[in-house]
Amino acid sequence: MSAPSLTPSKTARARHAQPPDGPPPPGGSFARSLKRNLTAHGFLIGAVLCFAFFSWYPMVREFLLAFQKTDQGEVSWVGLDNLRTVFNDPAFWQAWRNTLLFTVLALVLGFAVPFAVALIINELRHGKGYLRLLVYLPVMLPPVAAVLLFKYLYDPGYGLLNELLGSVGLPEQQWLQDPDLSMLSVVIASTWMNMGGAALIYLAALQGIPGELYEAAELDGAGLFRKIWHVTIPQTRLILSLLLLMQIIATMQVFVEPFLLTGGAGPEGSTTTVVYLIYQYAFNFNNYGAAAALGLLLLVLLAGFSAAYVKLNRAENE
């Protein structure tokens with residue numbers, strides 16, 4: 001028999017080299033985690049500070065201004081007086097009617113047209129990339145430049161639209177000067193300016209639908225419209241509902257198009273919107289309290305609508 005070796009084995013050395021079991025030193029894990037994620041925390045803190053300064057602070061400031069009055073630099077609390085001032089203004093109800101009219105017309109055109117454009121592009125076999133670029137090109141234009149382009153098209157003297165109407169024997173129209181046509185003209189310009197992003201989102205959703213669903217629908221004898229109704233819309237319902245919510249929120253805050261096309265109020269106040277009335281209170285009448293109160297009403301309305309949408313959508317999914 002050989003004598004036992006006095007040199008410890010590798011297993012024994014490894015066992016003795018392991019640290020004893022026990023809790024880590026206090027603060028060590030947190031310090032290591034903080035050091036490891038220090039860069040990420042730095043970027044996160046910067047983003048939160050920017051968001052707080054440019055988003056949260058104006059919201060809080062607006063809420064306070066809605067119940068205050070500023071007179072020659074002196075701020076005083078007036079309670080609900082600003083809300084009473086807004087409600088007693090004859091332009092208040094007209095602004096809400098015009099805003100709701102713009103929202104309805106924008107949904108009829110701005111919600112259906114991008115979806116139809118996406119369906120057409122999705123069915124084509126060639127040139128999809130060029131068509132996507134053409135559809136999205138208006139979104140890349142500065143809003144002011146796009147609106148001024150439409151102001152040129154609507155011009156009653158040398159506008160392209162009246163030239164086209166005259167070439168086919170139809171009477172010329174006062175697109176922006178007629179109270180019955182001014183809001184529709186604003187909606188058409190807004191739809192052309194903003195439909196590119198929605199069309200690309202719809203197109204991405206359409207390309208994610210399995211082709212087997214359409215093949216099964218064709219075997220059942222479904223035509224084009226039945227395939228759209230029973231396959232396309234159900235498969236894109238989530239995207240449709242989400243963009244519907246976003247479009248309602250955006251159209252309720254319309255300002256740039258009526259302000260540049262019709263000067264804001266329009267003929268007989270036909271394009272006065274809620275946001276333009278806020279602009280008038282703040283910068284024309286120097287009544288920041290009334291402007292903040294009206295902005296607070298719009299915020300509460302849109303927040304309530306968004307909450308109702310989320311609740312209904314959650315109940316439907318359950």
Side-chain angles (χ1 to χ4, degrees), residues 100-141 146 150 153 161 164-165 167-170 181 183-252 254 302 304-318:
L100 292 176
L101 176 61
F102 179 87
T103 301
V104 172
L105 293 176
L107 289 178
V108 172
L109 294 178
F111 190 70
V113 171
F115 189 69
V117 170
L119 287 174
I120 294 174
I121 296 178
N122 190 55
E123 293 297 324
L124 297 177
R125 295 182 178 274
H126 305 286
K128 287 186 178 181
Y130 297 104
L131 290 177
R132 286 198 298 264
L133 175 62
L134 291 178
V135 169
Y136 195 72
L137 184 61
V139 181
M140 295 186 287
L141 292 176
F150 268 86
L153 295 177
L161 291 181
L164 293 176
L165 291 177
S167 63
V168 295
L170 295 177
L181 293 177
M183 184 59 76
L184 179 60
S185 302
V186 172
V187 171
I188 293 174
S190 178
T191 300
W192 182 83
M193 291 168 53
N194 301 303
M195 74 173 185
L200 292 187
I201 294 175
Y202 290 142
L203 183 60
L206 291 174
Q207 292 176 350
I209 301 177
E212 294 81 2
L213 298 178
Y214 291 108
E215 295 176 359
E218 290 179 357
L219 292 177
D220 291 338
L224 175 62
F225 292 102
R226 290 185 62 187
K227 287 192 294 185
I228 293 176
W229 182 259
H230 293 288
V231 178
T232 304
I233 294 181
Q235 291 295 317
T236 58
R237 182 180 59 85
L238 180 61
I239 298 297
L240 289 172
S241 60
L242 178 60
L243 288 184
L244 175 64
L245 173 65
M246 295 177 62
Q247 184 161 359
I248 290 177
I249 294 175
T251 52
M252 289 290 290
V254 61
L302 294 179
F305 175 78
S306 302
Y309 164 82
V310 172
K311 185 175 181 180
L312 292 175
N313 194 32
R314 183 180 301 170
E316 184 178 354
N317 291 333
E318 292 176 356

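Quick caveat, the model's predicted, so the values are computed rather than measured.
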At what distance, to the nearest 0.5 angstrom, does [atom1] of [X] lie from [atom2] of [Y]?
X      : Y      : atom1 : atom2 : result
Leu119 : Thr236 : CG    : OG1   : 8.0 Å
Leu137 : Trp192 : CG    : CH2   : 7.0 Å
Phe111 : Thr103 : CZ    : OG1   : 13.5 Å
Leu244 : Leu107 : CG    : CG    : 6.0 Å

Side-chain polar contacts of residues 193-214 - donor-acceptor pairs under 3.5 angstrom, sequence neighbours left out - could you list them?
residue: Asn194; atom: ND2; partner: Ser190; partner atom: O; Å: 2.8
residue: Asn194; atom: ND2; partner: Ser190; partner atom: OG; Å: 3.3
residue: Tyr214; atom: OH; partner: Thr232; partner atom: OG1; Å: 2.8

Could you go step by step and tell me if Leu133 and Met140 meet the side chain to side chain contact (heavy atoms under 4.5 Å, CB included) rule? CA-CA 10 Å; Leu133 175 62; Met140 295 186 287; 4.1 Å; yes
Audit row: Leu245, Phe305, side chain to side chain contact (heavy atoms under 4.5 Å, CB included) steps and yes/no: CA-CA 9 Å; Leu245 173 65; Phe305 175 78; 3.3 Å; yes
Closest non-hydrogen atom pair between [X] and [Y], with its separation:
X      : Y      : answer
Ser306 : Ile249 : OG-CD1, 3.5 Å
Phe102 : Val186 : CE1-CG1, 3.7 Å
Ala217 : Lys227 : CB-CG, 3.9 Å
Lys128 : Ile121 : CE-O, 3.3 Å

Heavy atoms, side chains only, cut-off 4.5 Å: are Pro234 and Trp229 in contact?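 No - every pair of side-chain heavy atoms lies 4.5 Å or more apart.
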Any side-chain heavy atom of Leu219 sitting closer than 4.5 Å to one from Glu215?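 SC-SC contact between Leu219 and Glu215 ruled out.
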Run Leu240 and Phe115 through side chain to side chain contact (heavy atoms under 4.5 Å, CB included) and show every step you take. CA-CA 9 Å; Leu240 289 172; Phe115 189 69; 3.9 Å; yes
Would you check, one step at a time, whether the test side chain to side chain contact (heavy atoms under 4.5 Å, CB included) holds for Thr191 with Leu105? CA-CA 10 Å; Thr191 300; Leu105 293 176; over 6 Å; no
